[in-house]
Amino acid sequence: MVSEHTEAAGGDTAALALKVLVAGGFGVGKTTLVGAVSEIRPLRTEELLSEAGQLVDDIGGVNHKVTTTVAMDFGRITIRSGLSLYLFGTPGQDRFWFLWDELAQGALGAVVLADTRRLEDCFPAVDYFEHRRIPFVVAVNCFAGARRHTEPEVSRALDLDPGTPVVLCDARKRDSGKEVLIRLVEYAGRMHTARLLDSVG
């Protein structure tokens, strides 16, 4: 977790900044989500898709996509007074996964974006966070024209651990993205508290 303490006018309050990852498959909306919720101009590391990249990147279902994240996206959102989230969007292609371990250092938790038209694309991200015991929520990005599924249906399809939240969202809309992040902070807080109690019990 990232923490930054600043004194307010009264001199007795501290601000807390928490690190959150936004992950998922190629073209699922990670850059869009970070850009929609960030209160600062987001840092993006997008490059145009090339013919050479078509040999290694599966663009099935996202043929309209012309750019791709090659390192990370970065944004910031204030959830409430004294609590901000630093958002790190991960690259979606397999060839950039070596960056994930570095990005995951010190993270409070993660949002795994899912597209029900290509649900299998988020399996690697789910496995990554489950194996590293990093709390995460699955946010189903409701694309126009995609068949709608309920949260329990998505949870069963992904074989999620009991209690892992699944939420429906529109990654283009700030309020929708903010609700996803609030659910993550609440869930991660419960998970970290439970682990702390287990360790001292």
Side-chain angles (χ1 to χ4, degrees), residues 18-38 42 44 46 57-65 67-69 72-73 75 77 79 85 87-94 96-97 100 103-104 107-191:
L18 303 173
K19 182 178 183 181
V20 168
L21 300 187
V22 179
F26 181 56
V28 77
K30 300 180 293 296
T31 298
T32 300
L33 177 65
V34 172
V37 301
S38 180
R44 293 179 171 152
E46 288 195 306
D57 296 330
D58 180 8
I59 60 170
V62 288
N63 300 340
H64 62 282
K65 190 170 173 62
T67 61
T68 184
T69 299
M72 68 173 186
D73 299 309
I77 180 174
I79 297 295
L85 301 182
L87 308 175
F88 292 80
T90 65
Q93 303 100 304
D94 294 352
F96 294 125
W97 271 46
W100 280 45
L103 291 173
L108 169 78
V111 173
V112 175
L113 269 178
D115 177 352
T116 56
R117 300 168 302 179
R118 301 177 291 120
L119 198 58
E120 67 279 1
D121 288 359
C122 73
F123 286 158
V126 168
D127 288 343
Y128 182 91
F129 296 121
E130 282 184 344
H131 288 137
R132 287 159 181 79
R133 302 185 71 222
I134 297 174
F136 68 95
V137 301
V138 173
V140 179
N141 195 5
C142 298
F143 287 89
R147 182 182 168 195
R148 296 300 172 105
H149 296 273
T150 65
E151 289 94 333
E153 287 174 336
V154 174
S155 182
R156 286 194 297 272
L158 293 175
D159 194 25
L160 298 176
D161 291 337
T164 301
V166 176
V167 294
L168 305 181
C169 75
D170 184 335
R172 301 167 299 177
K173 297 182 178 178
R174 178 180 171 84
D175 287 345
S176 182
K178 187 172 181 179
E179 282 302 312
V180 170
L181 295 170
I182 289 171
R183 285 287 299 275
L184 171 63
V185 170
E186 292 173 345
Y187 176 64
R190 292 194 302 271
M191 292 294 290

- prompt: Is the shortest heavy-atom distance from the side chain of Val28 to the side chain of Cys122 under 4.5 Å?
  reply: no

- prompt: Does the side chain of Trp100 reach to within under 4.5 Å of the side chain of Pro91, using non-hydrogen atoms?
  reply: yes

query: So how far is it from Leu21 CG to Leu108 CG, rounded to the nearest 0.5 Å?
result: 10.0 Å

- line: Closest non-hydrogen contact found for Phe143 with Gly27 is CZ-O, 4.2 Å

query: Rounded to the nearest 0.5 Å, how far apart are CG of Leu87 and CG of Leu18?
result: 10.5 Å

Non-neighbouring partners of Leu168 that pass side-chain contact (heavy atoms from CB on, under 4.5 Å), sequence neighbours left out: Val140, Cys142, Glu151

- line: Sequence neighbours excluded, the answer for side-chain contact (heavy atoms from CB on, under 4.5 Å) partners of Pro152 is Thr150, Arg156

message: Looking at every heavy atom in both Lys30 and Asp73, which two are closest together, and how far apart are they?
response: C-OD2, 4.3 Å

task: To the nearest 0.5 Å, tell me how far Leu119 CG sits from Glu153 CD.
output: 11.0 Å

- prompt: According to the salt bridge (charged side-chain N to carboxylate O under 4.0 Å, His left out) rule, which pairs have a member within residues 122-136, sequence neighbours left out?
  reply: Asp101-Arg132

- prompt: Got Thr31 and Pro42 here, is their nearest side-chain heavy-atom distance under 4.5 Å?
  reply: no

- line: Nearest heavy-atom contact between Leu184 and Pro135 is CD1-O, 4.0 Å

message: Run the side-chain contact (heavy atoms from CB on, under 4.5 Å) test against Thr164 and tell me which residues pass, sequence neighbours left out.
response: Phe136, Leu160, Asp161, Tyr187

message: So Asn141 and Asp115, do their side chains get closer than 4.5 Å, heavy atoms only?
response: no

Residues 173-183, side-chain donor-acceptor partners within the protein, below 3.5 Å, at least two apart:
| residue | atom | partner | partner atom | Å |
| --- | --- | --- | --- | --- |
| Arg174 | NH1 | Val37 | O | 2.5 |
| Ser176 | OG | Asp170 | N | 2.9 |

message: So which atom in Val111 and which in Ala139 form the shortest heavy-atom distance, rounded to 0.1 Å?
response: CG1-CB, 3.9 Å

message: Please give me the minimum heavy-atom distance between Ser155 and Val166, naming the atom from each residue.
response: CB-CG2, 4.1 Å

- prompt: For Ala36, what residues pass the side-chain contact (heavy atoms from CB on, under 4.5 Å) criterion, not counting sequence neighbours?
  reply: none

